[in-house]
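Both backbone and side-chain heavy atoms feed into the values below; hydrogens, waters and symmetry mates do not. Only a predicted model underlies this, so the values are computations on that prediction, with no experimental measurement involved.
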Amino acid sequence: VGLMRLYASQLAKHSIRVNTVHPTGVNTPMVVNEPYGAFTEAFPEIAGSPNYQNPMPVPLVEPVDISNALVYLASDE
């Protein structure tokens with residue numbers, strides 16, 4: 001976020017917009033995998049803490065939804 005703000009302020013004079021995307025939990029092997037499943041079973045008190053829960057009250061989002069957002073942001077639209 002800090003790097004985006006720096007670039008946004010420096011590039012604004014050239015009419016260049018800088019964006020970042022911060023999705024919630026995404027249904028990828030990074031979060032849906034056997035070791036993480038074993039961790040959540042072994043340590044439910046940690047896995048149930050706010051640091052390990054989806055911060056938004058929605059299920060995991062699909063990677064294609066994030067990709068579509070990125071394609072839109074990179075487009076002329």
Side-chain angles (χ1 to χ4, degrees):
V1 172
L3 194 56
M4 178 274 306
R5 288 180 178 161
L6 172 70
Y7 285 138
S9 65
Q10 290 181 345
L11 297 172
K13 63 186 172 196
H14 302 290
S15 297
I16 298 173
R17 180 174 291 142
V18 180
N19 295 292
T20 57
V21 175
H22 305 266
T24 185
V26 181
N27 187 15
T28 66
M30 186 173 178
V31 293
V32 180
N33 58 61
E34 191 174 322
Y36 187 71
F39 171 80
T40 59
E41 288 181 23
F43 303 100
E45 67 283 356
I46 296 173
S49 73
N51 292 334
Y52 286 90
Q53 293 293 312
N54 192 346
M56 297 181 69
V58 297
L60 294 176
V61 297
E62 293 302 316
V64 68
D65 296 325
I66 306 306
S67 298
N68 288 339
L70 293 172
V71 168
Y72 173 77
L73 289 172
S75 75
D76 290 334
E77 295 297 314

Can [Y] be reached from [X] by stepping across I, L, V, M, F, W or Y side chains whose heavy atoms are under 4.5 Å apart?
X	Y	value
V61	L73	yes
L6	I16	yes
L70	V1	no
V26	M30	no
Y72	I66	yes

Just wondering, are more than 12 heavy atoms of other shown residues or ligands nearer than 6.0 Å to [atom1] in [X]?
X	atom1	result
Y36	OH	yes
E45	CD	yes
Y7	OH	no

Which heavy-atom pair separates V32 from N27 by the least distance, and what is that distance?
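Shortest heavy-atom separation between V32 and N27 comes out as CG2-OD1, 3.3 Å.
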Taking all non-hydrogen atoms of both residues into account, name the closest pair between P29 and N33 and its distance.
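The answer is O-ND2, 2.7 Å.
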Quick one: CE on M4 to CZ on R17, what's the gap to the nearest 0.5 Å?
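M4 atom CE to R17 atom CZ measures 12.0 Å (nearest 0.5 Å).
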